[in-house]
Protein chains: 2
Amino acid sequence: MKEQLKLHSVFSVDCVIFGFDGEEIKVLLIERGEEPYKNYFALPGDLVKEDEDLETAAGSVLQSLTGLKDIYMEQYYTFGKVNRHPLGRIITVAYYALVNLHEFQPKASSFAKGIGWVSLANIPSLGFDHNAILEKAIERLKWRVTVKPVGFELLNNKFTLRQIRKLYEAILEKNLDKRNFRRKILKMDFLLPLEEKQKNVAHKAARLYQFDYARYKELSAKGYNFDF
Amino acid sequence: MKEQLKLHSVFSVDCVIFGFDGEEIKVLLIERGEEPYKNYFALPGDLVKEDEDLETAAGSVLQSLTGLKDIYMEQYYTFGKVNRHPLGRIITVAYYALVNLHEFQPKASSFAKGIGWVSLANIPSLGFDHNAILEKAIERLKWRVTVKPVGFELLNNKFTLRQIRKLYEAILEKNLDKRNFRRKILKMDFLLPLEEKQKNVAHKAARLYQFDYARYKELSAKGYNFDF
DNA sequence: GCAAAAGTGTTGGTTGTACACCCATGA
DNA sequence: TCATGGGTGTACAACCAACACTTTTGC
């Protein structure tokens, strides 16, 4: 067994990376290849270097696993119980990120022997206090989508109204009325309707939309409400 | 001049302590007695000891200045820019607290040569990145009161409807219609009307109310909305 | 032709907002 | 008697929630 490494007063970042497969919200978990919590699933994370900002550290974790840059990320809480980490006093600053899971193939990095998407319904017992960290991320995401239309980060660039409704239903864990949802989200006026339609679907093809960032910026400058 | 002390990878807590004097929201600031930022105003804070939880550390800071225990506190963000602290890499976990400023006399502690309540309209340039830390606390408090009736922590045990309306007006920075406010907050059904009335006021004495914690707990178990 | 999802309006209830006057009290 | 805030109700507008049928497409 490896010699116990005793660390002092250091800090790490952990990342909850959310993706959406069209039906469910999933989280990117790694399977740990080393002690402590060897063979456990855990959230990806890393120690923060002396000369590295927290956001940068969180961004690197994300990039090493997904290859993605410039992703929506939000710091949401810091976990610092004295004994949360078996190797010493390590507080961890937690971020969550929203990514389009069809855009890349996750790659395990150094400390992980495996990596994969796990749906929120099937989260196992994770290493460290990561179950609590994940719980809080979910809670925060639920609130966030009612305040800011961040969900689009989880979808393709072009999407149907059904896809975004399914996404909101997955995040908020409740069903939303089709007609009311359409009316409401279109009234918000930041969806750009395209001429393009779905192809090769076994039903009437739905119109595609794009998120209009410029328009959104204008609108949100003077406040907005995104409840569903 | 004092020898520069170089610290490595440590963390601190900073506390934004809000009080309400009946008209304005105020913050408890200390005047620093030592370098760095000697003679600047700053938020009270302290390094976190190896064997101390973050909440405990924040609680001690609060207690050393106010003598109060069991106060409403909420962790809201962690600030970790590489160069935010001139003595080394110190990330700081920020908490805000809500206290009744008539309940105690603030006392300066070791690192402070002065202490006092400063209204939000008159915040000077603070040491470190404390202006940003304070800004974010205000933002968070504004949101918090629309989600949970925490404002009562800032008032006396018994209060009038006017007092609580003034408080909400101060936090949200907008005027609230007297009749609508009354109707709405009474409908929420967690205010206990007392027989007691104000005394020695040069106008019709207002009825006093108490916050009914037990009732609130019942109600919030099944969700609630506190917009104004 | 069938299964699957797209697209489309109306109604009733609830909630929000704006607004003005008389009352009690102490100075 | 005056100044200050306490206490009260209504009408209109906006928003929310519930609900069903026809259309298009691929198989």
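Heavy-atom basis, side chains included; hydrogens, waters and symmetry copies ignored. Chain A is the first sequence line, chain B the second, and so forth, proteins listed ahead of strands; every chain is numbered from 1. Bear in mind that the values here come from a model prediction, so they are computed numbers and not experimental data.
Residue A:R207 is classed as a sugar-phosphate contact, given heavy-atom separations below 4.0 Å to backbone atoms only.
Nearer the 5' end of DNA chain D, as judged by each residue's closest nucleotide, is the contact made by B:A206, out of A:K204 and B:A206. Taking the nucleotide of DNA chain C with the nearest heavy atom to each of A:H203 and A:D177, the more 5' of the two is matched to A:H203.
Here the nucleotide nearest the side chain of B:A202, chosen from D:dG5, C:dG26, D:dT8, is C:dG26. With distances taken from any side-chain atom of B:R179 to the nucleotides D:dG9, D:dT23, D:dG6, the minimum falls on D:dG9. For A:N180, counting side-chain heavy atoms from C-beta on, the closest listed nucleotide (C:dT17, D:dA20, C:dG9) is C:dG9.
Surrounding NZ of A:K107 are at most 12 heavy atoms belonging to other residues, nucleotides or ligands under 6.0 Å away.
Within the 4.0 Å cut-off from OP1 or OP2 of C:dG7, at least one side-chain nitrogen or oxygen of A:R182 is found. Contact check, B:K178 against D:dG7: no side-chain N or O comes under 4.0 Å of OP1 or OP2. In this model, the phosphate group of C:dA6 is approached by a side-chain N or O of A:R162 to a distance below 4.0 Å at OP1 or OP2.
Rounded to whole angstrom, the span from the CG atom of A:N200 across to the C1' atom of D:dT24 amounts to 14 Å. Rounding to whole angstrom units, CD of residue A:Q198 and C1' of C:dA6 are separated by 9 Å. In this structure, the CG atom of B:L176 is 13 Å from the P atom of C:dG16, given to the nearest Å. Between B:F181 atom CZ and C:dG16 atom P the separation is 14 Å, expressed in whole Å. Atom C1' of nucleotide C:dT17 and atom CG of B:N175 are separated by 14 Å, given to the nearest angstrom. Rounded to an integer number of Å, the gap from NZ of B:K197 to C1' of C:dT25 is 11 Å. Remark: C1' of C:dA5 and NZ of A:K199 are 18 Å apart, rounded to the nearest angstrom. Rounding to whole angstrom units, NZ of residue B:K184 and C1' of D:dG9 are separated by 19 Å.
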- Step-by-step ring-ring contact (aromatic ring centres under 6.0 Å, His included) determination, A:F18 to A:F20: CA-CA 7 Å; A:F18 288 113; A:F20 179 62; over 10 Å; no
- side-chain hydrogen bond (donor to acceptor under 3.5 Å, both in side chains) between A:E74 and A:Y96, worked out: CA-CA 6 Å; A:E74 185 182 353; A:Y96 70 84; 2.5 Å; yes
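Checked against a 6.0 Å centroid threshold, the rings of A:Y95 and A:Y76 do not count as neighbours. Less than 6.0 angstrom separates the ring centroid of B:F211 from the ring centroid of B:F190.
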